[in-house]
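What follows is a short report on a single structure.
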Amino acid sequence: MATFASALYPGLTLQDEKGIWAQFTAGRFETTDAAVIKRLQALPDSEGIAETTDAPPDEIPQE
């Protein structure tokens with residue numbers, strides 16, 4: 001699974017002629033689809049989308 005963060009557009013929806021292929025919620029999007037991962041990784045840095053290894057706030061382990 002890969003997790004991506006959208007710093008500029010927290011509610012971003014990405015689509016093409018075939019339909020929606022990525023929809024961010026609260027600036028985050030998770031997928032296991034290799035084709036979608038490749039498309040997101042290929043976006044220019046100026047789009048503000050980056051792969052992240054940070055856990056969302058509700059998944060941070062409590063000590």
Side-chain angles (χ1 to χ4, degrees):
M1 179 176 305
T3 303
F4 291 85
S6 173
L8 299 175
Y9 311 104
L12 181 65
T13 297
L14 298 171
Q15 64 184 34
D16 57 20
E17 65 278 351
K18 295 179 183 177
I20 295 172
W21 57 271
Q23 192 161 22
F24 287 73
T25 302
R28 298 182 64 80
F29 175 72
E30 294 181 343
T31 184
T32 57
D33 186 320
V36 171
I37 293 169
K38 188 174 181 178
R39 288 178 82 170
L40 288 169
Q41 290 172 334
L43 291 173
D45 291 340
S46 62
E47 294 297 327
I49 297 172
E51 192 167 0
T52 181
T53 57
D54 297 339
D58 59 339
E59 292 182 18
I60 296 175
Q62 301 295 320
E63 294 184 25

For residues 9-16, run the donor-acceptor check on the side chains, cut-off 3.5 Å, and write out each pair with its distance to 0.1 Å, sequence neighbours left out.
unit_1 : atom_1 : unit_2 : atom_2 : d
Thr13  : OG1    : Gln23  : NE2    : 3.4
Asp16  : OD1    : Lys18  : N      : 2.9
Asp16  : OD1    : Gly19  : N      : 3.4
Asp16  : OD2    : Arg39  : NH1    : 3.1
Asp16  : OD2    : Arg39  : NH2    : 3.1

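In terms of heavy atoms, Ser46 sits closest to Leu8 at O-CD1, 3.6 Å.
Taking CE of Met1 as the start and CG of Asp33 as the end, the distance is 12.0 Å to the nearest 0.5 Å.
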Exercise. Please test Phe4 against Gln41 for side-chain contact (heavy atoms from CB on, under 4.5 Å), starting from the C-alpha separation and ending with a verdict.
Key: CA-CA 9 Å; Phe4 291 85; Gln41 290 172 334; 4.1 Å; yes
Self-check item: Worked check of side-chain contact (heavy atoms from CB on, under 4.5 Å) between Glu51 and Thr3
Solution: CA-CA 6 Å; Glu51 192 167 0; Thr3 303; over 6 Å; no
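In terms of the ring pair (Phe, Tyr, Trp, His ring centres under 6.0 Å) criterion, residue partners of Phe24 (sequence neighbours excluded) are, by chain and number, Phe29. In this view, Glu47 satisfies the side-chain hydrogen bond (donor to acceptor under 3.5 Å, both in side chains) rule with no residue, not counting sequence neighbours.
At least one side-chain heavy atom of Thr31 sits under 4.5 Å from a side-chain heavy atom of Ile37.
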